[in-house]
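Quick note on labels: first sequence line is chain A, next is B, and so on, each numbered from 1.
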There are 2 protein chains.
Amino acid sequence: MTAPALPDRQRDADRTRAEILEVATREFADRGYNGARVDDIAARTRTTKRMIYYYFGGKEQLYIAVLQRAYAQIRQAEQTIDVDHLDPATAIRRLAEITFDHHEAHPDFIRLVSTENIHRAEHLSQAHDLVTLNTPAIQLIQGILERGHTTGVFHRDADAIDIHMMISAYCFFRVANRHTFGTIFGRDLMDHSTRDHYRTMLGDMIVRYLTTTNH
Amino acid sequence: MTAPALPDRQRDADRTRAEILEVATREFADRGYNGARVDDIAARTRTTKRMIYYYFGGKEQLYIAVLQRAYAQIRQAEQTIDVDHLDPATAIRRLAEITFDHHEAHPDFIRLVSTENIHRAEHLSQAHDLVTLNTPAIQLIQGILERGHTTGVFHRDADAIDIHMMISAYCFFRVANRHTFGTIFGRDLMDHSTRDHYRTMLGDMIVRYLTTTNH
DNA sequence: CTCCTAATGTACGAACTAGTACGTTAGTTA
DNA sequence: TAACTAACGTACTAGTTCGTACATTAGGAG
């Protein structure tokens with residue numbers, strides 16, 4: 001345990017490390033991996049470029065650390081979700097809405113994921129501890145689907161990961177592709193006035209998919 | 001009209017220009033705007049870097065030309081779609097499937113769009129003639145929705161652009177986020193064996209959304 | 001056949017950028 | 001309080017990368 005609430009020292013490894021990570025997250029999210037500048041990250045910190053290499057080793061390792069932290073934060077948020085007290089249909093709608101809100105609140109994370117996909121997840125696959133874990137989100141969906149199936153509200157088996165993909169795709173696209181979509185169709189998907197509309201639409205989409213069969 | 005079928009000349013402006021565009025598309029799609037190297041593009045061409053500057057003016061203008069061409073090709077493909085002979089539900093499913101197939105067949109385009117969104121569509125908005133046009137895809141959906149509404153198969157009004165977004169989000173995510181999704185959940189969304197599954201799932205999702213109300 | 005210009009190639013420069021060698025100091029510990 | 005080390009700063013380098021000045025030639029016009 002580190003000494004609690006020490007009056008701000010001039011030298012503080014934890015603070016410096018954390019500050020670099022914070023600034024680097026913004027820079028990488030903003031400009032992508034290749035667009036990000038180590039010098040710019042350093043300049044926005046109270047410390048110097050030397051410290052980036054001292055603590056992280058290099059640009060790539062810093063980026064991996066940024067990814068790791070970003071995913072860890074998402075996981076942590078997912079842990080707190082509780083929808084067991086709701087009936088299956090309401091529960092899955094609620095979960096979709098939470099995902100919707102989460103994407104909206106963390107555009108930086110979305111941008112990092114987009115960037116990482118351009119790089120074919122070559123860095124993410126090096127963030128070892130993250131890869132093996134199965135996320136809490138899937139467990140949650142799995143539980144809801146099982147309840148819905150036994151209750152008979154959900155008409156047939158659906159796979160938890162597939163439903164997660166369906167929800168994520170919708171939420172991710174709205175944030176990630178906001179700019180090209182807005183440019184082409186003249187409609188800002190993130191406009192405040194349409195937020196509720198798109199949130200409801202997502203819930204309807206998922207619930208109707210699960211509670212209905214064709215014809 | 002240019003002279004038809006001239007035996008390959010040593011100097012051919014059109015051929016050189018086209019070849020640069022072709023190679024540049026791959027490079028930009030592969031590595032993003034900042035990751036792409038002008039020298040690498042030139043090296044993979046039968047001509048030299050000088051010609052890139054001669055014909056396009058610079059890296060950024062070349063990238064804009066690449067975007068412009070990519071979007072134009074998509075538009076052209078959309079023009080050929082004909083689903084008027086199908087009943088509304090089948091038509092919208094068919095349209096979704098065509099979109100699905102199209103995304104799968106053009107991962108380079110998807111990657112360009114991802115890259116462009118990281119750059120907040122700053123280049124796309126400079127590709128003037130593309131922005132103003134309303135895409136044929138929206139017109140198609142609009143028509144299907146109207147038919148479905150009058151027939152009574154589609155239970156309520158839905159907006160064409162919204163439905164387009166819903167379909168695109170699903171198709172786009174499957175291709176664009178393939179790598180991070182695969183790394184985290186250990187499931188390759190582009191695996192051949194699950195292709196039909198995901199294609200059907202999309203169709204079901206859209207049709208059920210349009211033909212059902214809640215409860 | 002000659003001339004002219006669009007098209008092409010070569011070689012180079014200026015600016016940027018990741019990374020490092022080397023020197024310094026704060027804060028802890030004995 | 002002396003000494004030691006983790007933490008930090010400065011100044012530089014090597015390599016890359018976009019862009020261009022300058023030289024050359026193919027091929028059509030007259």
Side-chain angles (χ1 to χ4, degrees), chain A residues 1-28 30-67 115 119 122-123 126, chain B residues 1-24 26-28 30-66 115 119 122-123 126:
Chain A
M1 194 169 72
T2 40
L6 271 181
D8 38 333
R9 329 185 312 169
Q10 294 187 23
R11 300 189 163 191
D12 189 331
D14 289 343
R15 178 173 58 72
T16 304
R17 233 190 97 97
E19 194 179 349
I20 292 172
L21 264 183
E22 189 83 24
V23 174
T25 299
R26 279 204 297 274
E27 174 79 0
F28 281 122
D30 202 46
R31 311 200 194 179
Y33 179 74
N34 283 296
R37 296 288 166 252
V38 177
D39 284 293
D40 287 1
I41 294 171
R44 278 183 229 142
T45 305
R46 268 174 297 181
T47 183
T48 64
K49 181 165 59 158
R50 178 70 183 78
M51 289 300 97
I52 292 176
Y53 290 88
Y54 183 71
Y55 285 113
F56 297 95
K59 183 182 182 180
E60 188 168 5
Q61 287 128 295
L62 173 60
Y63 176 70
I64 292 173
V66 163
L67 270 184
T115 295
H119 292 275
E122 57 175 279
H123 307 104
Q126 289 177 53
Chain B
M1 197 167 69
T2 40
L6 270 181
D8 37 332
R9 328 185 314 173
Q10 294 185 23
R11 299 188 166 192
D12 189 331
D14 290 342
R15 176 174 58 72
T16 304
R17 233 190 97 96
E19 194 179 348
I20 292 172
L21 264 183
E22 188 84 22
V23 174
R26 279 204 297 275
E27 175 79 0
F28 282 121
D30 203 45
R31 312 200 194 178
Y33 179 73
N34 283 296
R37 296 288 164 254
V38 177
D39 284 292
D40 287 2
I41 294 171
R44 279 183 227 142
T45 306
R46 268 174 298 181
T47 184
T48 64
K49 182 167 58 161
R50 178 70 183 76
M51 291 299 97
I52 291 176
Y53 290 89
Y54 183 71
Y55 285 113
F56 297 95
K59 184 182 182 180
E60 188 168 4
Q61 287 128 296
L62 173 60
Y63 176 69
I64 292 173
V66 163
T115 295
H119 293 274
E122 57 175 276
H123 307 104
Q126 289 177 54

In the structure I gave you, are the side-chain heavy atoms of B:Leu62 and B:Ile41 within less than 4.5 Å of one another anywhere?
yes
Using whole Å, what does the distance between atom [atom2] of nucleotide [N] and atom [atom1] of [X] come to?
X       : N      : atom1 : atom2 : answer
B:Gln61 : D:dC18 : CD    : C1'   : 12 Å
A:Ile20 : D:dG9  : CD1   : P     : 10 Å
B:Asp39 : C:dC12 : CG    : P     : 15 Å
A:Arg46 : D:dG9  : CZ    : P     : 11 Å
B:Asp14 : D:dG27 : CG    : P     : 15 Å
B:Asp12 : C:dG9  : CG    : P     : 13 Å
A:Arg17 : D:dA6  : CZ    : P     : 16 Å
A:Asn34 : C:dC16 : CG    : P     : 18 Å

Side chain to side chain donor-acceptor pair (under 3.5 Å) with B:Thr115: which residues, sequence neighbours excluded?
none
Does any N or O donor sit under 3.5 Å from an N or O acceptor when you compare the side chain of A:Lys49 with the base of C:dG19?
yes
Under the rule for side chain to side chain contact (heavy atoms under 4.5 Å, CB included), what residues qualify as partners of [X], not counting sequence neighbours?
X       : value
A:Tyr54 : A:Arg50, A:Met51
B:Gln61 : none
B:Asp40 : B:Glu27, B:Arg31, B:Arg37, B:Arg44
B:Asp39 : B:Lys49

Does a side-chain N or O of [X] approach OP1 or OP2 of [N] to a distance below 4.0 Å, or not?
X       : N      : answer
B:Thr47 : C:dA7  : no
B:Arg37 : D:dC18 : yes
A:Thr16 : D:dA7  : no

When rounded to the nearest 0.5 angstrom, what distance separates CD in A:Glu60 from OH in A:Tyr33?
4.5 Å
Of the residues in residues 50-60 of chain A, which ones touch DNA chain D at a heavy-atom distance under 4.0 Å?
A:Arg50, A:Met51, A:Tyr54, A:Tyr55
Looking across every strand, which nucleic acid part, if any, lies under 4.0 Å from B:Ala42 by heavy atom: base, sugar-phosphate, or nothing?
nothing
